[in-house]
Amino acid sequence: MDRRTFIASVGTIGAATAGGFASLASDEGAVRAANLAKAAGAGKPGTSGNGLVYEGLALGYLPGSPALLEMVARGQPLAADMQRLRWVRWDPTVALATSEPQASVSIGILQQAAGGAEVLRSLAVTGYFALDESPYVAQFPAWQYEAAPAGAKRGRATSPLTFDVSMHDRVGLQVVYALEGQALAPGMLPSGMLYMPLGARNGPGLGLYVLAGPSRTTGAQPNLADCHFSGDLHAPLASAQGGRPDFDYVTVMIRRSAA
């Protein structure tokens, strides 16, 4: 099934039953969350203990971005000081379960660094939807990038995608990546997996996020703290000097659903 057709069908199921989610017992929500994590492979060998932070790929977050996205949704001009907002590495220990029953998730295009050898070999985002009946979890390939093979000029990436989801304990994003090992700093893992339970207590809620690969200059983790908001929601990272950062990244926006 086409990924957009799949999203539409599962989204319809979620929207039709979203009103009853709040009345479910908390242990049912925990079971849904556990089913999603298990299906996505969170907690297996080779993944981090909290399921969000990995050596090869960083999840960045822009503090203040929920308010920024609200301003854009209302058609309000962004204040000049919005470009002073600094990026941070996402910390799941300070996350709060969102109160929004639904959200709109957007996965953008790969933003590539201006120079240096390419470090990112592949990146695949798979969505896992919790279902109330067997098999209890459905998955779909949401977004994928493959670096150009030898002799080719460009890599291959799927088009940007936006879809509505029911929150929380209803959707998780699995991000599987592979890096060019020879370009990495010592100790960096050349592959791995990141799991994002959307809207959950330890997962991303509303806001602006990036999936950021290693620095093309150093081969180490990108220094997100040196980056500020560029003013462009689709390419939201700017280096301290105002140009593109020296690492590749994909933007993930989680906004209040218009429905």
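Given the structure is predicted, the values throughout are model-derived calculations rather than measurements. Along the sequence shown, the residues carry numbers beginning at 1.
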Looking only at atom types and distance, does a side-chain atom of [X] sit under 3.5 Å from a main-chain N or O of [Y], one as donor and one as acceptor?
{"X": "Tyr177", "Y": "Ser122", "answer": "no"}
{"X": "Gln112", "Y": "Phe247", "answer": "no"}
{"X": "Ser215", "Y": "Pro222", "answer": "no"}
{"X": "Trp143", "Y": "Thr126", "answer": "no"}
{"X": "Tyr209", "Y": "Gly205", "answer": "yes"}

N-O pairing of Asp132 and Arg170 below 4.0 Å | yes
Does Asp226 pair with Arg86 as a salt bridge, N-O distance under 4.0 Å?
-> no
Around Gln182, counting heavy atoms of other residues, nucleotides and ligands shown, do more than 12 lie under 6.0 Å from its CD?
-> no
Do you see a donor-acceptor pair shorter than 3.5 Å between the side chains of [X] and [Y]?
{"X": "Arg89", "Y": "Gln221", "answer": "yes"}
{"X": "Ser239", "Y": "Arg244", "answer": "no"}
{"X": "Glu146", "Y": "Gln144", "answer": "yes"}

Side-chain heavy-atom pair [X], [Y] within 4.5 angstrom cut-off:
{"X": "Leu208", "Y": "Phe229", "value": "yes"}
{"X": "Leu233", "Y": "Met253", "value": "yes"}
{"X": "Leu211", "Y": "Val125", "value": "yes"}

Can you check whether Phe140 and Phe129 have ring centres sitting under 6.0 Å from each other?
-> yes
If every non-hydrogen atom of Leu78 is compared with every non-hydrogen atom of Met71, which pair is closest and at what distance?
-> CA-CE, 4.0 Å
Steps toward side-chain contact (heavy atoms from CB on, under 4.5 Å) verdict (Ser257, Glu100) = CA-CA 9 Å; Ser257 177; Glu100 292 295 320; over 6 Å; no
